[in-house]
Amino acid sequence: MFDIDLSELRALATDLGKIPARLLSDADAIVKRGAQNVKEHMAADLTASRSFRGAAGSVSYDSDYRPGLVQYEVGPDKARRGGALANIAYFGGANGGGGTVDIDAPLAAEEPRLTSAIDKLLDGLL
């Protein structure tokens with residue numbers, strides 16, 4: 001039988017339980033700003049494309065709130081004007097394509113700012 005020391009994990013869980021609920025709204029503001037930045041970057045990438053500039057207005061974001069969770073989904077909305085075209089630019093269609101516009105670049109550009117802002121928010125709490 002193995003003995004596993006979970007004391008540090010339990011201490012972390014206890015510390016996390018002490019974080020004020022207001023930090024969730026602060027974290028939401030940070031992540032929402034990050035989603036907006038990713039959206040703007042994606043729209044700019046589409047605008048710069050000769051073939052897909054008309055699809056730039058289809059990029060949007062939605063929030064998905066659950067207890068203790070801050071989450072946003074960013075990307076082309078097929079229900080909006082140009083959304084199907086943007087979907088082809090990023091993911092391709094029945095006849096191939098996709099990858100014309102880099103879907104990973106906007107998130108990669110935003111990640112350092114987002115993690116830095118979250119780190120500052122959490123600094124000194126644990």
Side-chain angles (χ1 to χ4, degrees):
M1 199 73 175
F2 294 102
D3 287 327
I4 300 173
D5 181 11
L6 298 176
S7 60
E8 288 184 34
L9 184 58
R10 285 189 196 104
L12 176 61
T14 300
D15 287 344
L16 290 174
K18 294 177 184 174
I19 295 176
R22 71 168 177 79
L23 287 183
L24 193 55
S25 80
D26 293 344
D28 178 62
I30 292 168
V31 177
K32 183 177 184 178
R33 182 66 201 156
Q36 179 66 31
N37 290 344
V38 169
K39 174 190 170 226
E40 290 171 1
H41 189 156
M42 290 177 79
D45 285 350
L46 287 167
T47 298
S49 168
R50 198 175 81 189
S51 300
F52 297 105
R53 74 176 53 134
S58 71
V59 180
S60 65
Y61 64 85
D62 293 316
S63 59
D64 181 13
Y65 295 111
R66 297 176 191 187
L69 176 69
V70 173
Q71 179 174 305
Y72 285 83
E73 182 177 323
V74 183
D77 183 344
K78 287 169 72 173
R80 297 175 85 170
R81 181 176 166 267
L85 186 60
N87 205 52
I88 290 170
Y90 287 111
F91 309 112
N95 296 321
T100 305
V101 183
D102 187 356
I103 197 164
D104 295 322
L107 183 58
E110 183 60 24
E111 183 182 14
R113 289 186 291 262
L114 185 66
T115 55
S116 174
I118 292 291
D119 284 347
K120 286 178 186 173
L121 177 65
L122 297 176
D123 190 35
L125 290 177
L126 299 177

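Residues Leu107 and Val38 share a closest heavy-atom pair of CA-CG2, 4.2 Å. Here the closest non-hydrogen pair linking His41 and Ala105 is CE1-O, 4.0 Å. Counting all heavy atoms, side chain and backbone alike, Leu46 lies closest to Ala89 at CD2-CB, 4.0 Å. Closest of all the heavy-atom pairs between Ala86 and Pro76 is CB-CB, 3.5 Å. The heavy-atom pair separating Leu85 from Ser51 by the smallest distance is CD2-O, 4.1 Å. The two atoms that bring Gly54 and Arg81 nearest to each other are O-NH1, 4.2 Å, heavy atoms only.
With sequence neighbours excluded, the residues that form a side-chain contact (heavy atoms from CB on, under 4.5 Å) with Thr115 are Glu111. In this structure, the side-chain contact (heavy atoms from CB on, under 4.5 Å) partners of Arg80, at least two apart in sequence or on a different chain, are Ser58, Ser60, Asp77. Partners of Asp104 by salt bridge (charged side-chain N to carboxylate O under 4.0 Å, His left out), not counting sequence neighbours: none found. Residues that satisfy the side chain to side chain donor-acceptor pair (under 3.5 Å) test with Asp62, not counting sequence neighbours, are absent from this structure. With sequence neighbours excluded, no residue forms a ring-ring contact (aromatic ring centres under 6.0 Å, His included) with Phe91. Partners of Thr100 by side-chain contact (heavy atoms from CB on, under 4.5 Å), not counting sequence neighbours, listed by chain and number: Phe52. Residues passing the side chain to side chain donor-acceptor pair (under 3.5 Å) test with Arg53: none are found, sequence neighbours excluded. For Ile30, the side-chain contact (heavy atoms from CB on, under 4.5 Å) partners at least two apart in sequence or on another chain are Leu114, Ala117, Ile118, Leu121.
Counting only residues at least two apart or in different chains, side chain to side chain donor-acceptor pair (under 3.5 Å) contacts with residues 82-98 are absent. Among pairs with a residue in residues 31-40, none fulfils salt bridge (charged side-chain N to carboxylate O under 4.0 Å, His left out), at least two apart in sequence or across chains.
Around the CZ atom of Arg113, the shell of radius 6.0 Å holds more than 12 heavy atoms that belong to other residues, nucleotides or ligands. The number of heavy-atom neighbours closer than 6.0 Å to CD of Glu73, taken from other residues, nucleotides and ligands shown, is 12 or below.
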